[in-house]
Amino acid sequence: MGDMDGLDVTACTNCPALVESRSRIVNGTGPADADVLFVGEGPGEQEDRDGEPFVGRSGTILDDTLREKGLARADVRITNCVRCRPPENRDPTGEELENCRGYLEAEIELIDPDVVVALGKVPSEHLLERDVAVTSEAGTIERATLGGADRDVLICVHPAATLYDRSQEETLDAALEKAAAMAGDGGAGGQSQLGDF
Ligand code: URA
């Protein structure tokens with residue numbers, strides 16, 4: 001295990017291939033008391049450059065869809081299964097996912113969200129520890145023990161899926177609508193709805 005400072009991993013050399021390919025460790029972003037925690041796969045090129053998750057094309061799609069549902073990016077927490085960019089954007093290996101798991105568990109425990117939204121196949125299968133057919137299962141909520149508690153995990157397509165298949169837009173839309181509805185259902189939290197302004 002590397003070093004953590006609160007929610008941030010400050011140093012880690014657990015995965016040799018990722019240490020080689022990364023420019024920096026990309027930690028989660030967003031408030032520590034967010035009601036919704038989005039979990040992506042891992043940093044891409046732009047995330048690796050900027051040091052923030054979902055700031056590339058996928059991030060624009062995520063932000064735009066969130067806004068339509070009355071959620072501001074600034075109100076949600078966004079993180080990834082692995083915090084270092086894999087070479088050529090390949091999927092993280094099982095070993096890399098496991099190496100980073102403790103950081104993700106710690107983040108989930110500290111944020112204590114009302115809902116964890118898995119963005120795509122890799123995070124869905126990692127969080128639920130089973131095979132997931134994301135397109136057909138998107139919008140489904142399943143309980144999983146994460147960050148020391150039983151939590152609701154919402155399966156969602158990856159925002160980038162809409163770039164290759166327009167029919168996925170509706171699927172993303174419906175899943176994020178559900179996430180927005182679940183935000184704040186747990187009581188305390190204080191997500192500001194854009195519609196209030
Ligand atoms: N895709 C992801 O899964 N995570 C990011 O941070 C960016 C794109």
Side-chain angles (χ1 to χ4, degrees), residues 7-10 12 14-15 17-19 21-32 34 36-67 71-101 103-108 111 113 115-129 131-135 137-139 144 146 153-165 168-169 171-173 175-176 179:
L7 290 160
D8 288 347
V9 179
T10 52
C12 183
N14 286 340
C15 307
L18 302 195
V19 169
S21 60
R22 76 181 180 204
S23 309
R24 69 197 85 246
I25 296 167
V26 179
N27 286 299
T29 186
V36 190
L37 171 66
F38 289 93
V39 182
E41 180 176 319
E45 184 178 9
Q46 199 152 331
E47 289 77 22
D48 177 70
R49 199 185 308 135
D50 294 357
E52 186 170 328
F54 284 95
V55 289
R57 280 177 89 187
S58 304
T60 305
I61 297 165
L62 179 62
D63 293 358
D64 289 351
T65 315
L66 282 176
R67 201 175 310 112
L71 281 180
R73 176 183 171 98
D75 286 335
V76 302
R77 182 90 189 168
I78 309 175
T79 195
N80 278 307
C81 292
V82 298
R83 297 181 188 227
C84 300
R85 183 194 181 194
E88 273 105 50
N89 295 336
R90 66 156 167 75
D91 284 358
T93 65
E95 190 177 344
E96 290 161 354
L97 287 165
E98 278 321 302
N99 286 343
C100 221
R101 179 87 186 199
Y103 305 137
L104 182 59
E105 293 276 346
E107 186 168 18
I108 293 170
I111 302 290
V115 58
V116 178
V117 185
L119 293 173
K121 188 176 182 72
V122 168
S124 297
E125 296 193 336
H126 187 49
L127 293 170
L128 298 175
E129 299 185 78
D131 290 341
V132 177
V134 172
T135 307
E137 294 191 55
L146 295 166
V153 176
L154 172 63
I155 298 171
C156 187
V157 291
H158 194 283
T162 63
L163 294 171
Y164 312 112
D165 178 0
Q168 301 269 353
E169 278 174 19
T171 317
L172 179 70
D173 226 69
L176 292 190

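Note that ligands are numbered from 1 as they come in the structure, with each ligand's atoms numbered from 1 the same way.
The CG atom of L127 lies 8.5 Å from the CG atom of L37; values are rounded to the nearest 0.5 Å. Residue E45 holds its CD atom at 10.5 Å from CG of D50, rounded to the nearest 0.5 Å. Expressed to the nearest 0.5 Å, how far CD of Q168 lies from SG of C156 amounts to 10.0 Å.
Within the structure, ligand 1 has G42 among the residues with a heavy atom less than 4.0 angstrom away. Heavy-atom separations between H158 and ligand 1 include at least one value shorter than 4.0 Å.
For ligand 1 and G40, the ligand atoms under 4.0 Å from any heavy atom of the residue are 3 (O). Listed by atom number, the atoms of ligand 1 under 4.0 Å from P53 heavy atoms are 6 (O).
Looking from atom 8 (C) of ligand 1 to the surrounding protein, the closest heavy atom is F54 CE2, 3.8 Å.
For the pair L104 and N80, the tightest heavy-atom approach, listed with the atom from each and the gap, is CD1-O, 4.2 Å.
The option with the heavy atom closest to atom 4 (N) of ligand 1, from among L62, V55, N80, D48, is N80.
Checked options R90, R22, R101; the residue passing with E96 is R90 (criterion: salt bridge (Lys or Arg N to Asp or Glu O under 4.0 Å)).
Geometrically, ligand 1 and P43 share no nitrogen or oxygen pair separated by less than 3.5 Å. On a distance-only criterion, E41 and ligand 1 share at least one N/O pair closer than 3.5 Å.
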Could you go through N27 and T79, starting from their C-alpha distance and side-chain angles, then the distance that decides it, and tell me whether this counts as side-chain contact (heavy atoms from CB on, under 4.5 Å)? CA-CA 7 Å; N27 286 299; T79 195; over 6 Å; no
